[in-house]
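Throughout, protein chains are lettered first and strands after them, A, B, ... in sequence-line order, and every chain is numbered starting at 1. These figures come from a predicted structure and were not determined experimentally.
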There are 2 protein chains.
Amino acid sequence: MKKEPNSIQVIERLARLLDAIAAQKEDASLKVLSAETGLHPSTAFRILASLAEEGFVERTSRGNYRLGMKLMQLGNRVGAGTDFRKIALPLMEKLRDQLDETVNLTVREGDEVVYVERSLAKRMIRVEQVIGSRAPLHVTAVGKLMLGEMGEEACRGYAKRSKLPQYTVNTRKTVAALLQDCTASAKRGYAYDDQEAEMGVGCIGALIRDASGQVIAGLSVSAPIERRRDEWTALVMQASEEISRQLGYHASFSTHHHKGNT
Amino acid sequence: MKKEPNSIQVIERLARLLDAIAAQKEDASLKVLSAETGLHPSTAFRILASLAEEGFVERTSRGNYRLGMKLMQLGNRVGAGTDFRKIALPLMEKLRDQLDETVNLTVREGDEVVYVERSLAKRMIRVEQVIGSRAPLHVTAVGKLMLGEMGEEACRGYAKRSKLPQYTVNTRKTVAALLQDCTASAKRGYAYDDQEAEMGVGCIGALIRDASGQVIAGLSVSAPIERRRDEWTALVMQASEEISRQLGYHASFSTHHHKGNT
DNA sequence: CAATCGTTTTCATAATATGAAAAAAGAACC
DNA sequence: GGTTCTTTTTTCATATTATGAAAACGATTG
C-alpha cells in the first residue's frame, strides 16, 4: 500500500468511492461499495452521505447510490476551452454524416490523448469511445501527429518514457518506425491508425490549431478497418481545417513549423 | 453561517472550490479561489493539490486551476440510464435537423427538471441550455406534462411547496391556471411553454416512457418565440414516441393512465 | 537590486474524521 | 406473524488528520 506524500485522506477515499460507483452497471449498495473500496462501512456511509449532500451522488429509492447530477454539471464545464468543443461539434456531426462513421475529438494530456467530444455513427456496428477515456500517443492517429509536431527529440523522449507499450501486433515497435511514421504524418498533415490501438479498428486523424498556431486538439474518424476508405482523408482534413479556421487560425504560418519551447 | 449536521468538512469545502472554479470563465488562481470560498490560502492549496492528484482539477502552465478530466469522465457516466441518453441522441439530432432549433432532453429531479442532453441548433441565434442546469416544473413544457401526469393532488402539493415562483409575466400564477394547463397538456400528450421561463423563448415538449410505461424523461424543442410553429408538435411527438418505442414502451397501456403510487 | 505579491512548505495544535460497537430498519425464512 | 438473518444508520471515545499561522520560496515589478 503506497502512500502519496501530500494527499488528503478523505479526498483519496471519496475518489475511490466515486470510481467504484462508476464501475457498477446499476446502482451500488453500501455493502458493495465498502467492499470494493476496502473502506469501513460506517466510513463509506459517512463519506457517501456527504457526497450526497453536495449532489455528487444520489440515492435511489432503494437506498442505493449512483452518480449525481452535480458531476454532470461540472463535467460539462471541463476544459476552459469549452468553447472549442462547441465550435467543433457541428462540424464533427457534418463529417459523421458524410462518412457515417464515428468522429472523435481528442486533446493531449501528458503522454496521452483524452477523448473529449464525439459524434457517433448511426449504425449498428460502430466504433465507440467513452468520453474521458485515454490512449497513449503512439497508438492513435492524432497522437502520432502530435508527436511528429513536437519534433524528433521530444519523440524519442516519449518513446523512452513510455516504453511504447504494444497494444496490437500493428503497434509501432521501434523508435525508428515510430519516428518515421510521425514525421511523415506530420508533414502530410494527416495520420492513419492501422489497427494499432485495437485490432479491427482503423482511424484517420488531423490536427486542430487555434489563432496562435498552437495545436489544441485532434480530430479523427474511427471505423471498422474493412469499411475505412483512403478517400476520407480529404474530408477529415477539410473538417479539421474548418474548425481551426473558425478558431482564428490562419494557414499563413508556414507549411510546417516545428515548435520551440523555452 | 448554518451547519448541516452530518457533513464532512473537507467535502463541503472541496465542493465549494469546484464550484468556484466552474464559476470562473478562465483558469482560476489560488488567490481568487481562496477569496471566493473564504478558505485559508494554505487550506485551499492543500485541498486543490489533493483534487489535482485525483484528476478532479488540473493545473495550467501558469499554475492556475481548472476543472479536470476526471469530472468529465464521471459526468458522462451519470444516470444509470446512460443508455437512454444514447438512444435518444440520434433522434434528437434528427429532430434538430428537421426544425433547425435546439432540442433538449430533461429528467425530473425532485421539483425540478434537469437538462441532461441536447442537440444545439446550427444557427447564430438559438436557445442554449447548459447541461446539468435546472428549472422548476411549472415553467417548462416537459415539467408541466410531468405534473399533469401525476394527477391533480400531487400537482396541488407541488404548487404549495414551490409557491410557484414567477419567472416571467407569463408564468402560471394560480393553482387553477396551472392545473388546467397541466391536465389539458397531459391529455393531449404535448405541452407548450409560452415564454413562461424566459421572455422570448418558447418550447414544445412531450414525454418519454420506458418499457414499464413509467415516464423517465422529457423531450422538447426550444426556439425564439417568433420562430416557433404549431406544426412542430407532430414532429416532437413522433420523436418522443420513437424514443419511447426504442426503450421498449408499448402504447397499448391505455390512452392515459394516471399513476398510482404506494 | 529591492520590494512586493502570490504560492508552497513546515509544524504544533485542536479539531476532525475515524472505526468499533450498538441500534434501527429491512429481508428472508420458517 | 413472528424470528433470525443481513444491511444500513447512529452513537461515541479516540487518535489520526486536516488545519491555519508563520516562515520560506519564487516570480514579477518598480
Side-chain angles (χ1 to χ4, degrees), chain A residues 1-21 23-68 80 261-262, chain B residues 1-21 23-68 80 261-262:
Chain A
M1 220 171 260
K2 67 160 179 212
K3 275 180 78 173
E4 289 295 338
N6 297 341
S7 195
I8 298 183
Q9 195 185 51
V10 196
I11 292 182
E12 186 262 345
R13 291 179 164 184
L14 134 203
R16 261 195 283 164
L17 280 168
L18 290 178
D19 282 338
I21 299 178
Q24 299 293 324
K25 277 211 188 69
E26 298 291 328
D27 319 343
S29 69
L30 178 63
K31 173 90 180 301
V32 169
L33 291 177
S34 68
E36 206 71 29
T37 56
L39 294 174
H40 195 282
S42 69
T43 305
F45 175 77
R46 226 166 332 102
I47 295 178
L48 286 167
S50 272
L51 288 173
E53 197 146 319
E54 304 296 336
F56 290 114
V57 307
E58 282 163 19
R59 308 212 57 178
T60 66
S61 42
R62 287 177 210 75
N64 283 1
Y65 299 89
R66 68 174 127 166
L67 298 179
N261 63 344
T262 314
Chain B
M1 219 172 262
K2 68 162 179 209
K3 274 181 77 174
E4 289 296 338
N6 297 340
S7 196
I8 298 183
Q9 195 186 51
V10 196
I11 292 181
E12 185 263 345
R13 290 179 164 183
L14 132 205
R16 262 195 281 162
L17 280 168
L18 290 177
D19 282 339
I21 298 178
Q24 298 295 323
K25 276 211 192 69
E26 298 293 326
D27 319 342
S29 69
L30 178 63
K31 172 89 179 302
V32 169
L33 292 176
S34 68
E36 206 73 29
T37 55
L39 293 174
H40 194 282
S42 68
T43 304
F45 174 77
R46 225 166 332 100
I47 295 178
L48 286 167
S50 271
L51 288 173
E53 197 145 321
E54 303 296 335
F56 290 114
V57 307
E58 282 163 18
R59 308 212 56 176
T60 66
S61 43
R62 286 177 210 76
N64 283 1
Y65 299 89
R66 68 174 128 165
L67 298 179
N261 64 349
T262 310

Those residues that, when tested against [X], pass side chain to side chain donor-acceptor pair (under 3.5 Å) (two or more places apart):
{"X": "S29(A)", "value": "none"}
{"X": "R16(B)", "value": "E12(B)"}
{"X": "S42(A)", "value": "H40(A)"}

For a quick test of reading the model, state the closest non-hydrogen atom pair linking [X] to [Y] and the distance between them.
{"X": "A44(A)", "Y": "L39(A)", "answer": "CB-CB, 4.3 Å"}
{"X": "I11(A)", "Y": "S50(B)", "answer": "CD1-CB, 3.7 Å"}
{"X": "I21(A)", "Y": "R66(A)", "answer": "CG2-CA, 3.7 Å"}

Length of the [atom1]-[atom2] vector between [X] and [N], whole Å:
{"X": "F45(A)", "N": "dT11(D)", "atom1": "CZ", "atom2": "P", "answer": "11 Å"}
{"X": "N64(A)", "N": "dT9(D)", "atom1": "CG", "atom2": "C1'", "answer": "15 Å"}
{"X": "R59(B)", "N": "dT7(C)", "atom1": "CZ", "atom2": "C1'", "answer": "8 Å"}
{"X": "L48(A)", "N": "dA17(C)", "atom1": "CG", "atom2": "C1'", "answer": "15 Å"}

Can you check whether [X] reaches [Y] side chain to side chain, under 4.5 Å on heavy atoms?
{"X": "E58(A)", "Y": "Y65(A)", "result": "no"}
{"X": "R13(A)", "Y": "T37(A)", "result": "no"}
{"X": "L17(A)", "Y": "F56(A)", "result": "no"}
{"X": "L14(B)", "Y": "I8(A)", "result": "no"}

Could you pull out the protein-nucleic contacts involving nucleotides 5-7 of chain D (nitrogen or oxygen on both sides, under 3.5 Å)?
| residue | atom | partner | partner atom | Å |
| --- | --- | --- | --- | --- |
| dT7(D) | OP1 | K31(A) | NZ | 3.0 |
| dT7(D) | OP2 | K31(A) | NZ | 3.3 |

With B for base contact, S for sugar-phosphate-only contact and - for none (protein heavy atoms under 4.0 Å), nucleotides 18-30 of chain D reads SBBB---------

Checklist line | Degree of bending in the helix from dT8(C)-dA23(D) to dC30(C)-dG1(D) once both end axes are built from five pairs, to 10° | finding: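 It works out to 50° between the end axes.
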
